[in-house]
2 protein chains.
Amino acid sequence: MSAVSCTAAVGRPRAFDMQTALEKALDVFWTKGYDGASLSDLTSAMGINKPSLYSAFGNKEQLFLKAIEFYENRPCSFFKPALEQPTAYQVAETMLIGAAKNMSDASHPQGCVMVQGALACSEAASGVKEVLTQRRQKSEEDLRERLELAIAQKDLPSDTDAAALSRYLCTVINGIAIQASSGATEAQLVEVANMALASFPKGE
Amino acid sequence: MSAVSCTAAVGRPRAFDMQTALEKALDVFWTKGYDGASLSDLTSAMGINKPSLYSAFGNKEQLFLKAIEFYENRPCSFFKPALEQPTAYQVAETMLIGAAKNMSDASHPQGCVMVQGALACSEAASGVKEVLTQRRQKSEEDLRERLELAIAQKDLPSDTDAAALSRYLCTVINGIAIQASSGATEAQLVEVANMALASFPKGE
DNA sequence: GGGGTTATATACTCTTTAGTACAATACAGA
DNA sequence: TCTGTATTGTACTAAAGAGTATATAACCCC
């Protein structure tokens with residue numbers, strides 16, 4: 001009985017890589033949304049069959065939640081790293097330009113799974129819709145806190161409304177997600193990002 | 001054989017109002033999306049049963065298309081009327097503030113059915129997704145043409161990029177749709193709309 | 001090499017899906 | 001009132017949905 005529950009090396013070994021399979025599942029949910037993705041879609045994309053999916057990931061809902069968890073922590077994720085830029089303007093710029101580039105990137109589905117994964121959906125998907133909404137709101141709050149820090153550091157005017165500015169930036173990012181999902185090019189979206197940055201308050 | 005094909009008054013008369021039923025169907029699609037809306041959801045909301053739905057509207061896809069047609073032409077629609085404002089700035093302002101107010105209005109589902117009706121969806125919904133994308137692009141083009149007119153009228157600087165400006169405004173409107181769908185209040189969205197208007201080019 | 005354990009593949013369950021057949025019903029015109 | 005036509009309600013179909021039972025296969029440890 002080992003104290004550390006390291007991946008039990010007993011029994012038949014799993015014949016697929018969970019990370020890879022999760023990535024494939026993410027692509028399906030990203031493209032089709034939670035309601036639009038059937039288990040057949042998922043298993044055939046993941047290259048496994050249903051019992052393997054269920055034993056490895058629980059069920060459709062848990063698979064979705066693990067897929068978006070993976071999505072948020074991918075190395076090419078743009079939101080969290082942007083918060084670490086030195087100035088508020090650079091945070092906004094990195095975030096918007098990052099969104100424009102990432103969401104139109106042809107190496108994965110267009111748009112943002114946090115937006116289009118379950119926007120309008122059946123009752124069966126209401127749980128995941130709730131989670132997505134909360135995650136988006138959490139991002140908006142994280143950005144607000146970063147902007148409040150910038151105000152405290154005199155990097156932004158003291159009368160800046162951090163909540164409103166954060167909401168504005170997140171609104172544009174969400175809009176970019178829709179445009180990307182509709183086929184907008186990277187150049188078009190970067191242009192939109194720069195226009196949105198034009199109204200960013202000047203530091204003093 | 002009358003020349004005008006007025007509603008044939010032969011046979012058993014329809015027991016429900018098609019307009020009202022269509023409005024109910026719209027609400028279902030608006031809330032649940034095309035994939036998430038089942039025929040049971042639709043018929044129970046519309047207060048009719050399946051054969052009536054099929055004989056009156058064709059099938060699920062045609063019902064959806066008629067529902068969004070109705071949506072676009074409703075009196076409380078905000079996009080088309082905004083294009084008729086006298087100045088480009090007023091067009092943008094009317095459109096953004098209208099979007100903010102309309103999409104958070106509690107008298108119908110939040111957000112925009114043209115955005116959330118079929119954003120990421122199954123193959124069965126790919127036809128309606130295509131239509132929605134085209135309609136959104138058409139709106140963007142209509143706005144671009146209105147802005148080009150403004151440039152010709154010296155209402156906007158001659159070096160204004162009408163396509164980019166139109167895309168920017170539509171991006172914000174789409175973002176507002178997401179925020180509204182996530183529960184943002186009218187006040188919050190109007191604030192976002194005003195921030196977006198801050199970067200609108202000044203007339204000369 | 002055998003025993004315990006876990007994954008795999010096939011084949012199944014039950015529910016819900018979109019869509020329809022058909023008999024009964026309600027109206028207009030003759 | 002009779003006839004033709006179109007809608008209605010009930011009951012149905014065939015396919016697809018999510019999820020599972022079971023037998024077999026592959027590994028580690030003893």
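The sequence lines fix the lettering, A, B, ..., with proteins before strands; numbering per chain opens at 1.
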Please give, in whole Å, the distance from D/dG17 P to A/Glu123 CD?
19 Å
Under 4.0 angstrom, heavy atoms only, what part of the nucleic acid is B/Ala15 near: base, sugar-phosphate, or nothing?
sugar-phosphate
A/Ser52 side chain near C/dA7 phosphate (N/O to OP1/OP2, under 4.0 Å):
no
In whole Å, what is the span from the NZ atom of A/Lys50 to the P atom of D/dA21?
14 Å
Between A/Pro51 and A/Asp35, just flag the one whose closest nucleotide in DNA chain D comes earlier from the 5' side.
A/Asp35
Look at B/Arg12 and D/dT5 and indicate whether a side-chain polar atom (N or O) is within less than 4.0 Å of OP1 or OP2.
no
Whole-Å distance between C/dG19 P and B/Lys60 NZ?
8 Å
A/Tyr54 OH - C/dT8 P separation (whole Å):
16 Å
Taking for A/Ser38 and for A/Gly58 the nucleotide of DNA chain D with the nearest heavy atom, the one nearer the 5' end belongs to A/Ser38
Do any side-chain nitrogens or oxygens of B/Asn49 fall under 4.0 Å of OP1 or OP2 in D/dT8?
no
Would you say the side chain of B/Gln179 lies within less than 4.5 Å of the side chain of A/Gln137, judging by non-hydrogen atoms?
no
Please confirm whether the shortest side-chain N or O distance from B/Ser40 to OP1 or OP2 of C/dT17 is below 4.0 Å.
yes
For B/Phe57, give me all partners under ring-ring contact (aromatic ring centres under 6.0 Å, His included), at least two apart in sequence or on another chain.
none
Ranking A/Ile48 and B/Glu61 by the position along DNA chain C of their nearest nucleotide, the one closer to 5' is A/Ile48
Measure CD/B/Gln62 against C1'/C/dA18 and give the value in whole Å, please.
14 Å
Could you check if a side-chain atom of B/Glu140 sits within less than 4.5 angstrom of a side-chain atom of B/Arg144, using non-hydrogen atoms only?
no
Are B/Asp41 and B/Ser38 linked by a side-chain donor-acceptor pair shorter than 3.5 Å?
yes
Spacing between A/Arg14 atom CZ and D/dA25 atom P, to the nearest angstrom
20 Å
Figure out the CG/P separation between A/Leu42 and D/dG19, and round it to whole Å.
11 Å
Specify the separation, in whole Å, of atom CE of A/Met46 and atom P of C/dA9.
14 Å
Taking B/Ser181 for its side chain and B/Ile178 for its backbone only, find out whether a donor-acceptor pair lies under 3.5 Å.
no
Select base, sugar-phosphate, or nothing to describe what B/Pro13 touches, counting heavy atoms under 4.0 Å on all strands.
sugar-phosphate
Considering only heavy side-chain atoms of A/Asn59, the closest of D/dT20, D/dG19, C/dT17 is D/dG19
